[in-house]
**Q** 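Please see the structure below; I have some questions.
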Amino acid sequence: MVDLLVVDDEEKIREGIARGIAWERHGVCVCGTAAGGTEALALVEQLLPDIVVLDIRMPDMDGLELLAILHER
């Protein structure tokens, strides 16, 4: 199984992506969700997901900023 982390500041969007797709049928397990970049960074370090689906515009840390940090690490 491939682990997926979903990051979006809008709860409906975040939950829709996490629960609205039959991920299991594609060999994907949603290992977690985060409401912002700071929370996502902590979860990435803890859960070590294979894929991170993230929003670009978020209030605390935007998706591009988060992506740059993850790329460095």
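In this text, all values refer to a predicted model and were calculated from it rather than measured experimentally. Hydrogens, waters and symmetry mates play no part in the numbers below; they use all other heavy atoms, side chains included.
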**Q** Run the side-chain contact (heavy atoms from CB on, under 4.5 Å) test against E11 and tell me which residues pass, sequence neighbours left out.
**A**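 Partners of E11 by the side-chain contact (heavy atoms from CB on, under 4.5 Å) criterion, ordered by chain and then number, come out as R14, E15.
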
**Q** Minimum heavy-atom separation for L54 and G63, please, with both atom names.
**A**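 For L54 and G63, the tightest heavy-atom pair comes out as CD1-CA, 3.3 Å.
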
**Q** Would you give the length of the straight line joining atom CG of D50 to atom CG of L4, rounded to the nearest 0.5 angstrom?
**A**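 Going from the CG atom of D50 to the CG atom of L4 covers 9.0 Å.
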
**Q** Between V7 and A40, which heavy-atom pair has the shortest distance, and what is it?
**A**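 Closest approach of V7 to A40, heavy atoms only: CG2-CB, 3.5 Å.
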
**Q** So, taking the atom named CD1 in I56 and the one named CG in D8, what distance separates them when rounded to the nearest 0.5 Å?
**A**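 That separation rounds to 10.5 Å.
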
**Q** Give me the atom names and distance for the closest heavy-atom approach of M58 to D55.
**A**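 Minimum heavy-atom contact is CE-O, 3.5 Å.
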
**Q** Pair E65, D62 - check side-chain contact (heavy atoms from CB on, under 4.5 Å), show working.
**A** CA-CA 5 Å; E65 201 176 340; D62 71 41; 3.3 Å; yes

**Q** Test side-chain contact (heavy atoms from CB on, under 4.5 Å) on D3 and I51 and set out the steps.
**A** CA-CA 6 Å; D3 288 330; I51 301 170; over 6 Å; no

**Q** To the nearest 0.5 angstrom, please state how far the CG atom of D9 sits from the CG atom of D60.
**A**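 Answer for the CG-CG pair, D9 versus D60, is 8.5 Å.
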
**Q** Testing the basics here: between L43 and P49, what is the closest heavy-atom pair and its distance to 0.1 Å?
**A**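 Looking at all heavy atoms of both residues, the closest pair is O-CD, 4.5 Å.
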
**Q** Please report the closest heavy-atom contact between C31 and L47, naming both atoms and the distance.
**A**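 In terms of heavy atoms, the two residues are closest at O-CD1, 3.6 Å.
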
**Q** So if you build clusters from Ile, Leu, Val, Met, Phe, Trp, Tyr with side-chain heavy-atom gaps below 4.5 Å, do V53 and V28 land together?
**A**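 Both belong to a single hydrophobic cluster.
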
**Q** State, to 0.1 Å, how close A18 and T33 come at their nearest heavy-atom pair, and which atoms those are.
**A**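 For A18 and T33, the tightest heavy-atom pair comes out as CB-CG2, 3.9 Å.
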
**Q** How many angstroms lie between CG in L64 and CZ in R57, if you round to the nearest 0.5 Å?
**A**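 It comes to 10.0 Å.
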
**Q** Given side-chain contact (heavy atoms from CB on, under 4.5 Å), test W23 with V6 step by step and report yes or no.
**A** CA-CA 12 Å; W23 292 108; V6 180; 5.6 Å; no

**Q** For the NE2 atom on H71, are there more than 12 heavy atoms of other groups (residues, nucleotides or ligands in this structure) within a distance under 6.0 Å?
**A**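 No, the 6.0 Å shell around NE2 holds no more than 12 heavy atoms from other groups.
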
**Q** For residues L67 and I17: do they belong to one hydrophobic cluster (side chain heavy atoms under 4.5 Å, members Ile, Leu, Val, Met, Phe, Trp, Tyr)?
**A**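 No, no single cluster joins them.
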
